[in-house]
Amino acid sequence: MALDEDWITEICEEGGSAFSLKGRGKVFEQQSPFQKIEVFETDSYGKLMMIDGCTMVSSYDNFLYHEMMSHPALYSHRAPRRVAIIGGGDCGTLHEVLKHPEVEKVTQIDIDEQVTRAAKLHFPELCESNADPRADLLFIDGIQWMKDAAPASLDVIIVDSTDPIGPGEILFSPQFYGACHRALAGGGLIVQQSESPLIHQNILEHMYRNLLGASFQDIRTLFFPQPIYPTGWWTATIGARDTQLQSHRIDEVAKRGFETRYYNEEIHRAAFAQPEFFRRLRETWLTADLSSADTPFIEQRFRHAGSQPIPGGRRSRVRKL
Ligand code: SAM
């Protein structure tokens, strides 16, 4: 069945797949200095934000991603008082983090103020906590902020970034992970969106390699469904500084004083369960020889056909409504 003009389609070359939503028109478009931001009205997923043609957040299923990017890591830390969110311009992760009364300060650093402007206009429910006195919203490059952060000044770093391409590429680099390791206090955790476990294994391998290279210990990946992303199955990868990852406060999850729609105690445990294919891959990544020079293979992978980043990334052609 050929899709007509009303359908918004993201094509994932790498996965040889596409994802389409029936649209009702575009309600926002902005070419910022960093990326192109578009928001569409859809039939069944509410509003849909796309950045550089890639699906980022929809009103309908964002709770899956935002809850899993925040609660498992926060409940895996003994006392997550000081949190930094790198990226996260749609503010959904910030909203979830601020549900935790034990969190004393959250600094969100997104490179692009236009993403937050679009979110305030079209996803106000995600921006409800932006005025919380514990929150600071900054608009600069995440790697610069992390390099300037004081040593041992953070407990949890959440990297809610775009894909490892364009402005988001540096957030998967050894330099960035090194800066994060330095900024974290002992027992500190980094958690980063790590793409699809089915078609982005090269990116996950790269992340494990660079997190290990930056002296993070006990690197684990958690799994969750995300319908609007390629393959509908997504991950977040956690690295621990000077400690083994343990669900320290799992018993507090059941007593949490705030609402969640996906995350709970069972989901916390289940999310860390490793599918067999992934368990085997992870074992090879954790025992890989780190001595061989780090090839910028993400760069190589995405840009081997000329200047324009094509196959492998989530670049797409969006049908203009
Ligand atoms: N959930 C989405 C995903 O998995 O693709 C990510 C959502 S969030 C909107 C991604 C944010 O990362 C964007 O707002 C973008 O501006 C931000 N970003 C990209 N590169 C960045 C950088 N170097 N420093 C800070 N923020 C960055």
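First listed ligand is number 1; within each ligand, the first listed atom is number 1.
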Close side-chain approach of Ser17 to Thr231, heavy-atom, < 4.5 Å: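 Counting from C-beta outward, Ser17 and Thr231 never come under 4.5 Å.
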Between [X] and [Y], ring centroids under 6.0 Å:
X	Y	result
His268	Tyr75	no
Phe224	Tyr263	no
His181	Phe216	yes
Phe123	His95	no

Atom pair OH (Tyr229) and CD (Glu10), whose distance is rounded to the nearest 0.5 Å: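 Nearest 0.5 Å value for the OH-CD distance: 9.5 Å.
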By number and element, which atoms of ligand 1 are closer than 4.0 Å to a non-hydrogen atom of [X]?
X	result
Tyr229	1 (N), 2 (C), 3 (C), 4 (O)
Gly89	14 (O)
Met56	1 (N), 2 (C), 3 (C), 5 (O), 6 (C), 7 (C)
Gly88	8 (S), 11 (C)
Gln193	4 (O)
Asp90	7 (C), 8 (S), 9 (C)
Asp160	1 (N), 6 (C), 7 (C), 8 (S), 10 (C), 11 (C), 12 (O)
Ile109	25 (C), 26 (N)

Determine, using heavy atoms of [X] and all atoms of ligand 1, whether some pair is separated by less than 4.0 Å.
X	answer
Glu195	no
Leu171	yes
Phe34	no

Location of contacts on Met49 toward ligand 1, heavy atoms closer than 4.0 Å: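 For Met49, there is no contact with ligand 1 at all, from either part.
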Short N or O distance, [X] and ligand 1, threshold 3.5 Å exclusive:
X	answer
Ile86	no
Asp163	no
Thr55	no
Val115	no

Glu14 side chain vs Gly16 backbone, donor-acceptor pair below 3.5 Å: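 Pair absent, no side-chain N/O of Glu14 close to backbone of Gly16.
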Option passing side chain to side chain contact (heavy atoms under 4.5 Å, CB included) with Ile219 (candidates Leu204, Leu245, Thr237):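 That would be Thr237; it is the only one of Leu204, Leu245, Thr237 passing the side chain to side chain contact (heavy atoms under 4.5 Å, CB included) with Ile219.
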From Ile228, Asp110, Thr116 - option closest to atom 14 (O) of ligand 1 by heavy atom: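 Shortest heavy-atom distance from atom 14 (O) of ligand 1: Asp110.
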Linked, directly or transitively: Ile86 and Met207 (ILVMFWY side chains, under 4.5 Å):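 Yes; Met207 is reachable from Ile86 via cluster members.
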hydrophobic_cluster_shared for Phe34 and Ile140, side chain cutoff 4.5 Å: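 Different hydrophobic clusters.
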Passing candidate, salt bridge (charged side-chain N to carboxylate O under 4.0 Å, His left out) with Glu102, options Arg78, Arg134, Arg82, Arg249: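 Testing each of Arg78, Arg134, Arg82, Arg249 against Glu102, the sole residue satisfying salt bridge (charged side-chain N to carboxylate O under 4.0 Å, His left out) is Arg249.
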